[in-house]
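What follows is a set of notes on a single structure, which appears directly below.
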Amino acid sequence: MTDVTYSSTRGAGETLTASQAILNGLASDGGLYVPDHIPALSTDLDALARMDYRHVAFEILRLYLTDYTDDELRHCIDAAYDEKFDTEEIAPMAEAADAYFLELYHGATIAFKDMALSILPHLMTTAARKNNVDSEIVILTATSGDTGKAALAGFASVPGTRIIVFYPKDGVSPIQKQQMVTQQGDNTFVVGINGTFDNAQTGVKKLFADEELRGWMDEHGMRFSSANSINIGRLVPQIVYYVYAYTRLLKEERIKKGDPVNVVVPTGNFGNILAAYYAGQMGLPIAKLICASNENKVLYDFFSTGTYDRNREFILTSSPSMDILISSNLERLIYHICGNDASRCRTLMDLLSRTGRYDITDDMREQLAPFAGGFCDEELTLNTIRDIYESCGYLIDPHTAVAAGVYRSYRMKSGDKTPTVIASTASPYKFTGSVLRAIDPGYESADDFDKADRLYELSKISIPKAVSEIRTAPILHKTICEVDEMEKTVKEFLSR
């Protein structure tokens, strides 16, 4: 097995091991770490089909995180994928509406981010030991709703770490906000900003790139890292989802080995669907990667035209984790379709920073052939929730509904009936208001916990612990700041 090393999409010149890249989070030039090659699947699909989630995860992670020992990886996996999941199978699949819904939301915070963020703290603390790092690791993260709580839950009270999460004050669901602001742990800090997720994400990247701040951190015995999917330690565990989903279909004899499948992913920051792309590049038989957008359809327009243009109205939707106009992980795909040419990638990212847009070449567009794009407006999103609930008795959240709605349109237009996996990314209980507007529009209440009770009455799906335990939890994080106050706010917390 060949070692995999990591370098920046923008060509900073550094070549790092996996553990070093995980510790850094973001490259010093503002780029993202990418593997020097995509390793091929080394375990037969029939053999993987006989394994549980933990063993499949080991077979994938060992291909990318090559400077971790097998024992270290097994420890990280066992610590992450434990009894915190509320189903016996960590990622069960449900068949509904001509597709297979891969339920990625059965972890502690009822969103798919749990799947990768459960393991990241263990990968990171192991990396610190491997690299003789004695600095305190400060996790600095922007969230559009789900990453924040999942990261907080993962890093809360982890020795040698602190975590700071910035979220758009008016851009997350009430349940998402309540989950974050009630988070316990002396090493946790949650900050609402007066702005959008893109503002928060851009602000966090600036803090990573600020050399003066880095010097201040060094003086105080600290170093930044990230829990966003810009961290390769977040991205690689997501590849497991798609290998696991394929092997479940194989195990259940829904497909034969080698049969192609399509994958549909509700997409905001592009990390989850990029993981599916990597799985395909490894040899997993994926036919189409269907990128599903909400009304902030910057990615749909990109795949349709070859132009990425964030210069547009920002729309708050019922799928807030996708309310993003700067999809950071797309930079990794751009790097790959540039022929792994960091200078070309850097030029496009500079254009995006300066003008808000860039155009890719025809030869780059040809390499996007595995992708298809679609989008759902708000009406179609709610209609999809209602239609699937009424026709199948299956309840989905708005993000999953965007994916299901896009897939329905794709299937009708293309006639493509390839078996299809839809990434189901959050519990309907995380977005009770939107789900009830779809299936019980006459119900009125201003309280999201009342809405959870009503959702239970209708669906008989148990209210997750993640919702019930925050019903009366005290608010512990009340800090609000302007975008230009983020550095000051970080320093104030770290100086305590």
Side-chain angles (χ1 to χ4, degrees), residues 104-118 141-156 163-185 188-201 204 227-229 266 268-269 271-272 294 296 314-324 381 385 396-402 424-437 445-452 455 463-480:
L104 297 168
Y105 55 77
H106 290 284
T109 74
I110 57 175
F112 83 100
K113 305 295 176 74
D114 284 325
M115 300 291 289
L117 275 165
S118 292
T141 290
T143 184
S144 54
D146 289 335
T147 289
K149 174 58 181 179
L152 289 161
F155 282 93
I163 177 166
I164 305 170
V165 171
F166 288 97
Y167 72 96
K169 179 173 67 71
D170 300 315
V172 299
S173 81
I175 294 290
Q176 286 176 315
K177 181 177 180 179
Q178 188 75 1
Q179 283 186 308
M180 288 189 284
V181 299
T182 58
Q183 176 65 53
Q184 298 181 350
T188 66
F189 188 44
V190 180
V191 184
I193 68 160
N194 289 312
T196 67
F197 167 73
D198 289 328
N199 296 141
Q201 181 169 248
V204 164
N228 284 81
S229 54
N269 216 22
N272 203 353
N294 65 17
N296 292 291
F314 179 83
I315 302 169
L316 291 173
T317 73
S318 60
S319 47
S321 295
M322 301 163 65
D323 290 345
I324 294 172
T381 300
I385 295 173
I396 55 178
D397 87 293
H399 302 76
T400 307
V402 168
S424 184
T425 54
S427 164
Y429 279 102
K430 200 150 193 173
F431 303 93
T432 51
S434 299
V435 174
L436 280 174
R437 279 203 306 278
S445 173
D447 186 284
D448 258 50
F449 296 103
D450 290 345
K451 293 174 185 175
L455 200 56
I463 299 174
K465 180 182 176 183
V467 173
S468 59
E469 69 184 5
I470 62 171
R471 191 183 289 255
T472 57
I475 305 298
L476 302 177
H477 302 275
K478 301 177 182 178
T479 303
I480 304 294

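Just so it is clear, the structure is predicted and the values come from calculations on it, not from any experiment. The analysis underlying the following values was restricted to heavy atoms, covering all of them including side chains, and did not include hydrogens, waters or symmetry mates.
Nearest heavy atom pair, residue G148 against residue V165, reads CA-CG1, 3.7 Å. When every heavy atom of F155 is checked against every heavy atom of A227, the shortest pair comes out as CE1-CB, 4.3 Å. Closest heavy-atom contact between D114 and A108: OD2-N, 3.2 Å. Here the closest non-hydrogen pair linking T196 and P168 is C-CB, 3.8 Å. The two residues Y105 and S424 come nearest to each other via the heavy atoms CE2-OG, 3.4 Å. Nearest heavy atoms, S318 versus R437: CB-NH2, 4.0 Å.
Proximity of V190 to T479: side-chain heavy atoms (C-beta onward) are nowhere separated by under 4.5 Å. For the pair D323/L316, a side-chain contact is recorded, criterion being any heavy-atom separation below 4.5 Å from C-beta on. Taking the side chain as every heavy atom from C-beta outward, I475 and Q178 approach each other to under 4.5 Å. The shortest distance between side-chain heavy atoms of V435 and Y429 does not fall below 4.5 Å. You'll find the side chain of P320 reaches within 4.5 Å of the side chain of F431, heavy atoms only.
For the atom pair T182 OG1 and L476 CG, the distance stands at 7.0 Å (nearest 0.5 Å). Within the model, atoms CD of Q176 and OH of Y167 stand 11.0 Å from one another, a figure rounded to the nearest 0.5 Å. Once rounded to the nearest 0.5 Å, the distance linking OG1 of T432 with CG of D397 reads 11.5 Å. One distance of note links NZ of K430 with CD of Q179; it measures 4.0 Å at 0.5 Å rounding. D146 contributes atom CG, which lies 8.5 Å from atom CE of M180 (distance to the nearest 0.5 angstrom). Note that the OG1 atom of T109 and the CD1 atom of I175 stand 12.5 Å from one another [nearest 0.5 Å].
Side-chain atoms of K149 and Q183 form a donor-acceptor pair, as typed in the model, at a separation below 3.5 Å. N269 and Q201 share a donor-acceptor pair across their side chains, judged by distance under 3.5 Å alone.
Panel note: side chain T400, backbone T425; a donor-acceptor pair is recorded below 3.5 Å. In this structure, the side chain of H399 engages the main chain of S321 through a donor-acceptor pair within 3.5 Å.
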(request) List the steps, then state whether side chain to side chain contact (heavy atoms under 4.5 Å, CB included) holds for L117 with T147. (result) CA-CA 8 Å; L117 275 165; T147 289; 4.1 Å; yes

(request) Starting from the C-alpha separation in whole Å, work towards a yes-or-no answer on side chain to side chain contact (heavy atoms under 4.5 Å, CB included) for D198 and I324. (result) CA-CA 6 Å; D198 289 328; I324 294 172; 3.5 Å; yes

(message) Please evaluate residues D448 and K177 with respect to the criterion side chain to side chain contact (heavy atoms under 4.5 Å, CB included), reporting the C-alpha separation (whole Å), side-chain torsions for both, the decisive distance (0.1 Å), and the verdict.
(response) CA-CA 11 Å; D448 258 50; K177 181 177 180 179; over 6 Å; no

(message) The test is side chain to side chain donor-acceptor pair (under 3.5 Å); show your working for K451 and S445 and say whether it passes.
(response) CA-CA 7 Å; K451 293 174 185 175; S445 173; over 6 Å; no

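Of the candidates P398, S319, P266, T381 forms a side-chain contact (heavy atoms from CB on, under 4.5 Å) with just one, namely P398.
More than 12 heavy-atom neighbours from other residues, nucleotides or ligands sit within 6.0 angstrom of CD on E469.
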